[in-house]
Structures are given as structure tokens and as C-alpha cells.
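Note that ligands are numbered from 1 as they come in the structure, with each ligand's atoms numbered from 1 the same way. Just so you know, these numbers come straight off a predicted model, no measurement behind them.
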Amino acid sequence: MQTTTITPNITRLNRFRFVNAYLVREDDGFTLVDTTLPRSADKLIAAAASADGAIRRIALTHGHGDHVGSLDALRARLGAAVEVLMPELDARIHAGETVVDGKLPGSWPKLETKPDTLLHAGDRVGSLEVVATPGHSPGHVSFLDTRDRALIAGDVFTTYGTAAVTNHFYWRFPFAAMATWDKAKDLESARALRALDPAVLLVGHGPAVSDPASAMDAAIDRAAAG
Ligand SMILES: [Zn+2]
């Protein structure tokens, strides 16, 4: 697990140069945003310990397998006292409900863990504000750190080489577009995130982008052009 300090409150945890999770510092310890792939639980717990805190809650941007992959193992090791928060629609998909018409792309592995809390737009998770960003998945959410406007945007954007919206094929990371459910909604969500004027853009796949306004504008322009 490669760890990178992004802001005084956020540490990026990268697994296999492929997928990120984030430790977000709060007064009582950490919120872990996403869990990366299976078999990462011990490494995530160790990363929190070496950053001098404990994981108090696990907040998920969406239900895809490379983000919820270690959720069950974390719950098994950390116990029920650690709150699990998941966007409502993605939680209902994991519960077996049909919430959208047609095929749902991306991987939706079977989860034992039922979320304690369903996330909706405007909710607060410690210092993070929940922003509804549907499109990549039906319930996808992003998290804005209200202390400094760092934005954890999940899979609305990728940032390999440059920022790209996941509504269209991008050769540096084609998996994200292949897993995207509704391309038009995804682009709308990208615009909504840009309008938040984030100080730094953090994503599921790729490095952090500081002062990301122009990179997000360019990504949205390319995405809108198809
Ligand atoms: Zn995804």
C-alpha cells in the first residue's frame, strides 16, 4: 500500500497503482473512504495505525468491486462499532433490488456487510459533505472536505496523465468508462463537481490534482465533445 499525504487531513492509500482509498482525519480518528480491492484490509488498518489513528467509519463512493472489495474483511476485523456508510441506490443494488432498467455495468460482488447508514446529498460524514454524483453508478456520491474544499470524486473522473470524465473511453484507463452506467448523468455530475471549485481533486483511479479547475474544464469539454 503506497501512502501519500495530500492535505493536512487526507492521506491517499494506493493499491497496485490501480485504485485509491483515502484516510480522512477527524477528531475521533479516521473516516476511510472506499476500501480498494479484496485482501487489502490488513494494509488499510496498518496505514491508519501508522498515521496515528483508528478507522472509525467507512464511507463508500459507490458499490463497484474495486471500491467495496475489502469491506467485509474490514468489518470482520474492526467489528460493528465501525460505521459503514453507502449511497442508498448502490446499497439497494447490493441488497438485490432492481433499481434501474437494463443492464448494470461494472462489478457488483456479493457483500455480507449491510451498511449502517444510507448516504444522500447534503449528508455530513464528519467534516465531509456528501455530494450526489450519479452516473458512473446509480447512487455514486462524492465527498467534499468542508475544511479546505478537497474533493474526493470517486469514479466521476480519473486522473492518469490528465483528468478525464468516465463517461467516455480514455485509453489511459478504459475500465472506468466500461463500468459507467449512465454517460449523460455522469457528465452532469462532473459539471456539478467542477462548480464546487475544489482545491484538490482526488479520485478512485489516478494521482491527486491540485488547483484542478482548468484540468476539470478541459476534461468536461472533451467529454461533452464525445
Ligand atoms: Zn467504479
Completion exercise
Among N, O or S atoms, Asp155 approaches the Zn ion (ligand 1) most closely through OD2

Exercise for the section: Give me the ring orientation class for His136 and His64: parallel if the planes are under 30° apart, tilted from 30 to 60°, perpendicular past 60°. Expected result: perpendicular

Exercise for the section: For side-chain contact (heavy atoms from CB on, under 4.5 Å), just list the numbers for Lys185 and His140, CA-CA rounded to whole Å, side-chain angles, deciding distance to a tenth of an Å, and then say yes or no. Expected result: CA-CA 11 Å; Lys185 285 191 171 64; His140 192 289; over 6 Å; no

Problem - His205 ring center near Phe18 ring center (under 6.0 Å) - result: yes

Handout entry: Enclosure of Asp221 CG (heavy-atom neighbours >12, cutoff 6.0 Å)
Key = yes

Handout entry: Name, closest N/O/S atom of His136 to the Zn ion (ligand 1)
Key = NE2

Fill in the blank from the handout: The atom of His64 among N, O or S that is nearest the Zn ion (ligand 1) is ND1

Practice task
Specify which N/O/S atom of His62 comes nearest to the Zn ion (ligand 1), by atom name.
Solution key: NE2

